[in-house]
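So the structure is just underneath, and the comments pick up after that.
We name chains A, B, ... by the order of the sequence lines, and we start the count at 1 in each one. It should be emphasised that the depicted structure is a prediction, and the values quoted were computed from it without experimental measurement.
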Amino acid sequence: MTTQHYPFAEIENKWRPIWDEMNLYQTGNDPQKPDSYILDFFPYPSGSGLSVGHGRNYVPTCVSSRFLRMNGHNVLHPMGWDAFGMPAENYAIEHGIRPSESSRLFSETYKRQMQLMACSYDWSREFSSTDPDYYRWTQWFFLLLFKRGLAYQAIGSQWWCPHCQTILANEQVENGRCWRCDSAVTKKDLQQWYFKITDYAERLLADLDSIDWPEPIKIMQRNWIGRSEGAEIIFEISPVSETGPIYQIPVFTTRPDTLFGVTFLVLAPEHPLVAAITTDLPQTAVSTRLRAGVTNYQEQSCRLSEIDRLATDKEKTGVFTGAYAVHPLTGAPIPIWIADYVLLSYGTGAVMGVPGHDSRDYAFATQFGLPIVEVISPNGKPQGIDSCFTEHGILINSGSFSGMDSRTGGVQIVAKLVAGGNVSTEHGRNGRFQTTYRMRDWLISRQRYWGAPIPIIHCPDCGPVAVPESDLPVCLPDTDDFAPTGDGRSPLAHITDWVQTTCPQCGGPGQRETDTMDGFACSSWYFLRFANPHYQEGPFDPEQVKRWLPVDTYVGGAEHAVMHLLYARFWTKVMADAGLIDFVEPFTQLRNQGMMLSVKDGRKMSKSRGNVVTPDEIIASHGADALRAYLLFLGPFEAEALWDDSGIRGITRFLDRVWRLAHEVPMTGELAGTRHEPFERMRHKTIKRITAEMSDFRFNTAVSGLMQYLNFLVAAQAEAVSAAQWRQAVETFMLLLAPICPFISEEIWQTVLGHTGSIHQATWPAYDEAMTHDAQVTLPVEVNGKVRDRIVIMMDADEEMVRETAVSAPGVQRFINGRSIRKVIVVSNKLVNIVV
RNA sequence: GGGGCGGUGGCGAAAUGGCAGACGCAGCGGACUUAAAAUCCGCCGGAGUAAUACUCCGUGUGGGUUCGACUCCCACCCGCCCUACCA
């Protein structure tokens with residue numbers, strides 16, 4: 001019986017229920033075997049379901065898991081849902097259902113599609129971050145951070161998305177726009193909860209060196225953390241009157257060496273000291289105008305959209321406050337300005353203006369006619385102030401520091417300030433060495449319903465009090481009234497029954513915190529839960545976590561480079577500090593799959609662009625095996641790939657030919673007396689190659705390697721190969737193909753080859769190194785770097801012999817043409833190059 | 001402005017110091033067929049030549065290192081992505 005085409009639908013329908021029945025992908029538990037934990041990023045199910053683009057993530061990890069299982073590993077390859085958050089909630093609002101319902105619908109679709117693609121997850125470990133059994137422990141972790149002083153409340157001017165009606169964290173604002181809905185964001189003052197991730201900045205930076213992550217991701221994290229070494233320098237303000245208070249303005253600078261070049265100070269418009277120091281002497285017309293100007297400017301910069309304010313090419317703006325600071329080393333009066341190019345949230349919210357050596361300060365000074373002083377020069381001679389010089393050099397015009405190298409000088413200037421400078425201060429010093437980080441604390445409050453409630457009770461007498469662990473979870477109340485109200489408070493605030501409670505500390509009346517947690521809290525520890533998702537005694541089972549964690553291979557898109565991946569590292573370090581776990585990095589190896597672009601417009605596949613191809617349609621028309629193989633074949637795992645429907649025909653043809661070959665070649669009968677040598681060598685070569693490529697995430701070349709092996713086998717049908725050898729070749733082929741194309745390989749394995757067990761529980765084939773190359777090799781022989789002839793010699797032949805054979809080859813002689821040979825390079829088993 | 005990634009046939013790509021274009025798509029020619037589909041065989045970077053053959057050119061551009069460079073180094077051009085007054 002020879003069937004022309006591989007009947008994918010029939011074969012898939014046959015095996016799906018059988019595999020389910022035998023629980024094929026259950027996590028291994030054999031103490032003799034090594035354990036491997038291979039994990040996909042926690043997906044956030046959306047209403048549009050999966051596109052083939054998602055397969056770029058899930059298929060490779062599945063193939064890897066299958067490969068490891070066949071290589072004798074216990075494999076933990078689980079899947080679950082990061083289901084709190086706005087898409088589910090917005091969908092619920094639009095469709096008049098509850099978010100719990102929309103979340104369930106979305107994750108069911110994801111699961112169905114993943115199963116369609118034959119992703120080999122252990123579904124018995126599935127959970128959702130929205131299960132009270134799960135978020136109970138997310139709340140437990142909140143309390144852990146709270147008790148360790150790492151969760152705190154502060155009032156702050158925060159990003160506010162008018163469309164989503166919620167506060168956003170810094171990293172959720174992209175170019176002044178909301179990362180989810182793309183609306184322009186504004187600012188709003190609210191009491192918020194923060195996690196003190198900045199306490200871990202140094203360790204988050206340092207430990208990057210110990211993990212096997214793509215270098216670009218590490219670089220992005222380093223940039224995000226933004227460590228910057230310099231000094232804090234304190235400027236005192238000349239008192240406005242004899243009795244007035246003496247204010248101090250600390251500034252952060254990376255260039256203390258330029259201190260003698262300071263000609264002004266600039267505060268952020270929102271800086272708390274602005275109102276206090278702005279000259280307020282109503283008897284003079286000038287200062288009244290100043291005060292009005294400052295107030296006016298402050299209002300203006302609040303109103304400016306973030307996009308405008310961040311536009312670096314716009315003209316510098318600012319106003320003078322009327323106040324003067326005292327230069328800590330020279331005692332000179334320094335005018336104090338405010339300007340929106342200084343950010344309150346970085347450093348101290350104030351900078352010293354050094355127009356001679358900072359391009360922004362230069363632009364500002366030029367704009368407002370402020371003096372420019374040159375204090376660094378490349379060669380120690382004044383260069384003039386027509387432009388600003390931002391490099392290091394030799395200090396000039398810097399008192400006793402003149403003539404020093406600016407790096408040395410900077411250190412000495414700070415040392416002088418630490419000792420007290422020339423101008424006395426109350427603290428006895430005018431500065432110190434200081435390291436600043438660009439990273440801010442992690443804002444976790446969300447004024448939305450669909451999230452894990454923050455487990456805090458506000459008591460008028462005791463302040464914010466932790467909900468006792470025994471009272472967890474603080475469940476989300478069932479309500480139909482979950483739409484945001486636009487007043488900046490969570491919808492939970494309107495559910496009085498839920499809000500009103502008693503203080504666990506004093507027993508008096510208390511009110512529940514109504515903010516919910518950022519979804520990134522849920523995804524900061526889920527990888528621990530998978531080790532034993534049904535554990536009830538704590539967030540995770542310490543014994544199973546010891547066994548499986550940290551995650552061996554973690555796979556997802558590069559877009560989470562600074563959010564999820566930084567938060568999860570932070571929580572892991574907190575857990576380690578609390579003695580809960582014995583490792584400090586959650587993901588030993590990270591790999592990023594490339595984006596899937598549509599061939600239609602060359603852009604990322606997304607529902608809004610209308611260029612989505614779903615796995616459902618491809619599996620219906622070509623089968624799951626073809627989809628899987630094609631996804632891998634498109635290009636390198638980590639590179640972006642273009643989805644082009646027409647290319648999948650190549651895979652379909654390949655599977656049809658595999659099907660036919662397996663049915664056509666003779667696999668029973670007498671073993672011939674002699675073994676077909678090249679046939680056997682090719683088998684070993686292919687095993688070696690595919691094994692290496694699978695281990696190395698080089699799935700695209702693994703697929704083409706299998707195609708080449710098939711081409712070889714098809715051609716070998718013309719050769720005299722014994723039935724036994726054919727059988728062995730077809731078995732090997734199916735085993736190598738099994739992780740990529742689980743259905744066709746299983747069908748041939750059991751039905752054609754007659755095995756009784758599943759191919760997915762079979763052992764990966766072994767190869768003999770000695771058989772992975774031929775006895776003879778053909779070497780190209782070059783003359784002056786150009787191939788002129790080929791010689792056939794024995795593998796590992798003696799170099800002298802190779803040289804002689806090469807030189808005497810006719811094509812070579814023709815080109816040497818009597819010239820003298822200067823050098824002969826012999827690269828063993830590769831090539832010969834003759835230099836004449 | 002800063003950072004990252006990339007640039008190889010008509011297309012997706014392979015080769016990471018050693019025969020550039022494996023493997024596949026599309027295309028062209030042929031076989032089979034009444035015909036088509038499917039399948040199979042062949043060709044498939046450019047130029048020169050009647051031509052087997054052969055020669056030359058060719059991995060964004062220009063230099064360099066090397067017996068030898070898609071690969072390493074320097075400079076530049078182009079595209080995409082991220083980030084942005086971070087003091």
By the Watson-Crick or G-U definition, both distances under 3.5 Å, B:U33 is matched with none
With a 4.0 Å cutoff (strictly under), does any side-chain N or O of A:N711 reach OP1 or OP2 of B:G24? yes
Does B:A13 have a Watson-Crick or wobble partner in any strand here, with both distances under 3.5 angstrom, and which is it? none
Length of the CD1-C1' vector between A:I219 and B:G2, whole Å: 13 Å
Check this for me, if you would: do A:D644 and A:R649 make a salt bridge, where the nitrogen-to-carboxylate-oxygen distance has to be below 4.0 angstrom? no
Rounded to whole Å, the CD1-P distance (A:I233 to B:A87) equals 14 Å
Which nucleotide wins on minimum distance to the side chain of A:D340, given the candidates B:C23, B:C85, B:U39? B:C85
Is it the case that the side chains of A:R657 and A:N711 hold a donor-acceptor pair, with the cut-off being a distance below 3.5 Å and no angle test? yes
Starting from C1' on B:A13, measure out to CG on A:L632 and report it in whole angstrom. 15 Å
Taking any heavy-atom pair under 4.0 Å as a contact, classify A:E640: base, sugar-phosphate, or nothing. sugar-phosphate
Counting just side-chain N and O atoms, does A:R649 come under 4.0 Å of either OP1 or OP2 of B:A26? yes
Who is the Watson-Crick or G-U wobble partner of B:U59, with both distances under 3.5 Å? none
Presence of salt bridge, A:R591 and A:D212, under 4.0 angstrom: yes
Nucleotide B:G24, atom P - distance to CD of A:Q708 in whole Å: 8 Å
Looking only at the side chain of A:R438 (C-beta and beyond, no hydrogens), which of the listed nucleotides B:A87, B:C85, B:U83 gets closest? B:U83
Quick check on B:C40: is either OP1 or OP2 less than 4.0 Å from any side-chain nitrogen or oxygen of A:R657? yes
Classify the nucleic acid contact of A:D361 as base, sugar-phosphate or nothing, counting any heavy atom under 4.0 Å across all strands shown. nothing
Go through the side-chain N and O atoms of A:Y341 and A:D361 and say whether any donor and acceptor fall under 3.5 Å apart. yes
Same-atom distance (P) from B:G17 to B:A69, integer angstrom: 14 Å
Check whether the side chain of A:R790 and the base of B:C19 form a donor-acceptor pair under 3.5 Å. yes
Choose from B:A87, B:G24, B:G18 the nucleotide whose nearest atom is closest to any side-chain atom of A:M707. B:G24
Could you please name the option among B:A87, B:G18, B:A14 that lies closest to any side-chain atom of A:T701? B:A14
Please list, by residue number, the residues of residues 251-260 of chain A whose heavy atoms come closer than 4.0 Å to an atom of RNA chain B; answer none if no residue qualifies. A:F252, A:T253, A:T254
Within the pair A:R803 and B:C67, is there a side-chain N or O less than 4.0 Å away from OP1 or OP2? no
Who does B:U8 pair with, Watson-Crick or G-U, both distances under 3.5 Å? none
side-chain contact (heavy atoms from CB on, under 4.5 Å) between A:F260 and A:I413, intermediate numbers included: CA-CA 10 Å; A:F260 283 84; A:I413 286 173; 4.2 Å; yes
Mind calculating the distance between CH2 (A:W224) and C1' (B:U83) to the nearest angstrom? 9 Å
Base partner of B:A84, which must satisfy Watson-Crick or wobble distances under 3.5 Å: none
Specify the separation, in whole Å, of atom CE of A:M595 and atom P of B:G6. 13 Å
Selection from B:G24, B:A15, B:A87 that lies nearest to any side-chain heavy atom of A:F633: B:G24
Do any side-chain nitrogens or oxygens of A:K786 fall under 4.0 Å of OP1 or OP2 in B:C54? no
With nearest nucleotide decided by heavy atoms, which residue, A:G635 or A:P780, maps closer to the 5′ end of RNA chain B? A:G635
Which residue lies more 5' along RNA chain B, comparing A:P216 with A:R653 via nearest heavy atoms: A:P216
Between B:A38, B:G68, B:A14, which nucleotide has the shortest distance from any of its atoms to the side chain of A:H5? B:A38
Could you state the atom-to-atom distance from CZ of A:F364 to P of B:A87 in whole Å? 18 Å
Send over the distance from A:D696 CG to B:U16 P, rounded to a whole Å. 12 Å
Side chain of A:L831 only, heavy atoms from C-beta on: which candidate in B:C56, B:U39, B:G18 is closest? B:G18
Contact class for A:V827 vs. all strands (heavy atom < 4.0 Å): base, sugar-phosphate, or nothing? base
For B:U83, does OP1 or OP2 lie under 4.0 Å from any side-chain N or O of A:N223? no
Side chain of A:S228 only, heavy atoms from C-beta on: which candidate in B:A14, B:A38, B:A87 is closest? B:A87
Nearest to the side chain of A:P636, heavy atoms from C-beta on, is which of B:U83, B:A13, B:C67? B:A13
With heavy atoms under 4.0 Å as the rule, sort A:R698 into base, sugar-phosphate or nothing. nothing
Can you tell me if A:T436 touches the phosphate of B:A87, counting only side-chain N or O atoms and a distance under 4.0 Å to OP1 or OP2? no
